[in-house]
Structures are given as C-alpha cells and as structure tokens.
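To keep things clear, I will list the structure first and then write my remarks on it.
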Amino acid sequence: MSVPEALLQFAVVAALLTIIPGLDTVLVLRTAISRGRGPAFATAAGICTGTVAWGVAAALGASALLATSETAFTVLKIAGACYMAWLGISMLIRTFRNRPAAPTELPQATGNAGAPYLTGVTTSLLNPKVGVFYMAMIPQFLPQDVPPLLMGVLLPLVHNVEGMLWFAGIIAATHYARRWLQSPAVGKSTDRIAGVVLVAFAAKIAASKA
C-alpha cells in the first residue's frame, strides 16, 4: 500500500465516521445554536486538534508494537478489522430497531473566547469512541517504509479536512441541519451505507497478507 492509497482509503472510512451524527456533531451544532458561528468554529477546531493527538498516538503505538513483535502487530490489525466489522454490523442492526435516541449530555462552553476550543479538545480526547476508532484503524493504513509519525499526522489531517467541511455546512445552515440530523429516515440511510462499507473494508483487511 502506497501513501496515496492509504490516504484515499482512510478518507472513505473517515468520511463515514464524520457524517454519522455523534457527540462531536451534536456539540458543534449546539454551540452554533447557542453561541453563534465563531464559537462553533472554535469548538470544531478543538475537536480536530484532539483528532490529530489520537492519530499520532495510534501511529506511534502501532509502530512500537511492530518493532517489538510482528505477530503482535498482525494481531492488532486483525483486531482492528474485527472492530470495523462489528461497528458496521451494529449499524446495520440498529437501522432495523425502532428506538428513540437517548439524550446526549454535553459539556457547556462558557467563559472567554478560548473556552469553546478547549471544550472541543477535551471532548475529543475524552471520547472513548474516537480513541477506539483511531487505535483500531490507524494500523490498517500504515504503509511500509513510511515514518509512522508522518502517517499519524497525515491521516488525521485528512479526517480533519472532511470534518471541517462537514462542520462548516452544519454551522452555515444550523436550523436546517438540526432538522435533517434528527430525521429517522436520514439516520437509518446513513447507518446502512456506512455499515456496508465498513464491513467491506473489514473483509478486505482480513483477506490481505500485508
């Protein structure tokens, strides 16, 4: 796998994670509604900062594991593929359940101009779903003979570009986005598409030898 191939394939997976309504999307949406565009963009920037931190940590951790034991690294990749498959299957199963979404508790962004940014950073770093995703996914996209630190920065940057475009769209059309994200039909369609693609990626990783 070359660097362009790794970035392109990761971009597909990261895009799915980006458009699926979650804590980060709800936090930016709520900030845009309650505090305006500036604080909402600051919150989004904080979330992206936390994403880069997760990416670097995952890449360096995977590299260290590979240096210690190639077998252990292979086990990590297989575990990541299993996690991806489980995530995709869970999304597909969820679309066939008629159950209202539970309310999400979010930290309040108050105080000076830097508070929304810090809220975004803290939310990203303390979100276990982001950590598990990066720890499972980053090892799948590390080309041979490429510094892991470089990939640990490039991969999250791809995710951040997609994320900022998504957040910008939500911030620019706050009220419309709120109704759209809360639509059960949109939620089911998004989960089904994402679930199928994630399972397909998991099968590809499991079948690959390198």
Where the side chain of Ser124 meets the backbone of Val121, is there a donor-acceptor pair that is under 3.5 Å apart? no
Are Tyr134 and Leu155 side-chain neighbours, meaning at least one heavy-atom pair lies under 4.5 Å? no
Is there a side-chain contact between Phe10 and His159, using heavy atoms and a 4.5 Å cut-off? yes
Partner residues of Val158 under the side-chain contact (heavy atoms from CB on, under 4.5 Å) criterion, sequence neighbours left out: Leu7, Ala11, Glu162
Between Ala45 and Met164, what is the shortest heavy-atom contact and its length? N-SD, 4.3 Å
Nearest heavy-atom approach of Trp166 to Ile19 is CZ2-O, 3.7 Å
Is the backbone of Pro156 close enough, under 3.5 Å, to the side chain of Trp54 for a donor and an acceptor to pair up by distance? no
Is the backbone of Pro39 close enough, under 3.5 Å, to the side chain of Thr43 for a donor and an acceptor to pair up by distance? yes
Between Arg192 and Phe96, is there a side-chain heavy-atom distance shorter than 4.5 Å? yes
Taking only residues two or more places apart in sequence or in another chain, which ones pass side-chain contact (heavy atoms from CB on, under 4.5 Å) with Val161? Leu165
Which of Thr18, Ile47, Val52 passes side-chain contact (heavy atoms from CB on, under 4.5 Å) with Asn160? Answer is Val52
Residues that Pro143 engages under side-chain contact (heavy atoms from CB on, under 4.5 Å), provided they are two or more places apart: Val3, Ala6, Val146, Met151
Is the closest side-chain donor-acceptor distance between Tyr117 and Thr49 under 3.5 Å? yes
Taking side-chain contact (heavy atoms from CB on, under 4.5 Å) as the definition, give me every residue that meets it alongside Leu8, ordered by chain and number, with sequence neighbours left out. none
Let me confirm one number: the CG-OG distance from Asp145 to Ser2, rounded to the nearest 0.5 Å. 12.5 Å
